[in-house]
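Please read the structure below before turning to the comments.
The chains referred to below are lettered A, B, ... by the order of the sequence lines, with proteins before strands, and numbering in each begins at 1.
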Number of protein chains: 2
Amino acid sequence: MSEHTRQILVRGRLRITDFRLRLLEVFVASSHSALTQKEIEARIGAHDRITLYRTLKSFEAAQLIHQVVDGSLENKYAFCLHDCPEHRAQEEHAHFLCNQCKTTYCLGSISDLAITVPSNYSLDKVQLALTGTCSACN
Amino acid sequence: MSEHTRQILVRGRLRITDFRLRLLEVFVASSHSALTQKEIEARIGAHDRITLYRTLKSFEAAQLIHQVVDGSLENKYAFCLHDCPEHRAQEEHAHFLCNQCKTTYCLGSISDLAITVPSNYSLDKVQLALTGTCSACN
DNA sequence: CTATATTTGCAACATTATTGCATAAATGAA
DNA sequence: TTCATTTATGCAATAATGTTGCAAATATAG
């Protein structure tokens, strides 16, 4: 069962350790929504806080996860799907934060929106943070 | 000169104190861009950090300022203009973060964008965080 | 199996945020 | 203006969050 997560670490050229496998399991298990550090800590069980910080950094550097802007002013992390839109040159991603359950759903690409910036500005990244009530809470 | 800021406090039904006037001056002086707490602390001079926390909360509760989502994962605050779009029922606001100078510009309303959410979701707030290089840095 | 490089976990420390409380200040009423 | 009441401020103590250095443990290559 951990063969899948092993593969992910190999692809990211990261050494395979128990802690990294455990952390990856957490992300894979909620790949549809983004997690706060608190939520991660609750799910991963006993652990060293410092190691978690560093492992999150390694994962982010290896592009296994990415930070999510959902309008909640909390830092959240999400697992990168294979062809992760966050890591294309022109990153365009929409997230939806439910006011009730505080879940952040990934809504995928928004590249079809017509976004323009003032002249002489150049645009690298478009993050769309939507807030409301999700279908589960409605 | 502080008559203007006095008026703002009166409108917000807040008591007029030296510290609040000083903080308001800071916001009014950069009403075109959003400030991090660090930036505020640098501009306001000697102060008590706890008082700053509490005053920011009062200002936010009184809708004198609002928090800004600019994609930087840093909490920023901006002064509310009189007819502040952040405080309409359907809040729609775009901000632009410059990668070079880290300034966050307010780009105003985005209500003309066609945003749709999955069926059975309801939408309260739309925050568009744009990142790139501003004209000053280009 | 061994040598090397990386990761982990602990300690110490730095930064950021919160709560309680006594003092100081602002406001409304006499 | 002065006084009584309410609110804000600043300090102390504490909690929560994030960082750095280092020795021991672990993973990997040969």
Handout entry: No-hydrogen, no-angle side-chain donor-acceptor test under 3.5 Å, Asn120(A) and Ser135(B)
Key =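 No, Ser135(B) and Asn120(A) have no side-chain donor paired with an acceptor closer than 3.5 Å.
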
Exercise for the section: Indicate whether the side chain of Lys76(A) and that of Thr36(A) have a donor and an acceptor atom separated by less than 3.5 Å. Expected result: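 No - no donor-acceptor pair under 3.5 Å links their side chains.
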
According to a strict under-4.0 Å criterion, is [X] in side-chain N/O contact with OP1 or OP2 of [N]?
X: Arg20(A); N: dT7(C); result: yes
X: Thr51(A); N: dG9(C); result: yes
X: Thr55(A); N: dT8(C); result: yes
X: Lys38(A); N: dA16(D); result: no
X: Thr17(A); N: dT8(C); result: yes

Exercise for the section: Look at the side chain of Arg43(B) and the backbone N and O of Val26(B), then say whether any donor-acceptor pair between them is shorter than 3.5 Å. Expected result: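 Checked: no pair found.
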
Handout entry: Donor-acceptor contact below 3.5 Å, side chain Arg6(A) vs main chain Ile16(A)
Key =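 Flag not set: sc Arg6(A) to bb Ile16(A) has no pair under 3.5 Å.
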
In whole angstroms, how far is the [atom2] atom of [N] from the [atom1] atom of [X]?
X: Ile50(B); N: dT7(D); atom1: CD1; atom2: P; result: 22 Å
X: Glu74(B); N: dT15(C); atom1: CD; atom2: P; result: 15 Å
X: Glu39(A); N: dT17(D); atom1: CD; atom2: P; result: 13 Å
X: Arg54(B); N: dT19(C); atom1: CZ; atom2: P; result: 10 Å
X: Leu21(A); N: dT26(D); atom1: CG; atom2: P; result: 15 Å
X: Leu9(A); N: dT26(D); atom1: CG; atom2: P; result: 18 Å
X: Leu14(B); N: dA25(C); atom1: CG; atom2: C1'; result: 15 Å
X: Gln67(B); N: dA17(C); atom1: CD; atom2: C1'; result: 14 Å

Handout entry: Given DNA chain C, 5'-ward residue of the pair Tyr53(B) and Phe19(A), judged by closest heavy atom
Key =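 The residue whose closest nucleotide sits nearer the 5' end is Phe19(A).
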
Exercise for the section: Look at the side chain of Arg49(A) and decide which nucleotide, out of dT18(C), dC10(C), dG18(D), has an atom nearest to it. Expected result: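 Looking only at heavy atoms from C-beta outward on Arg49(A), the closest nucleotide is dG18(D).
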
Practice task
On the 0 to 90° scale, with breaks at 30° and 60°, tag the Phe96(B)-Tyr121(A) ring pair as parallel, tilted or perpendicular.
Solution key: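 Phe96(B) and Tyr121(A): perpendicular rings.
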
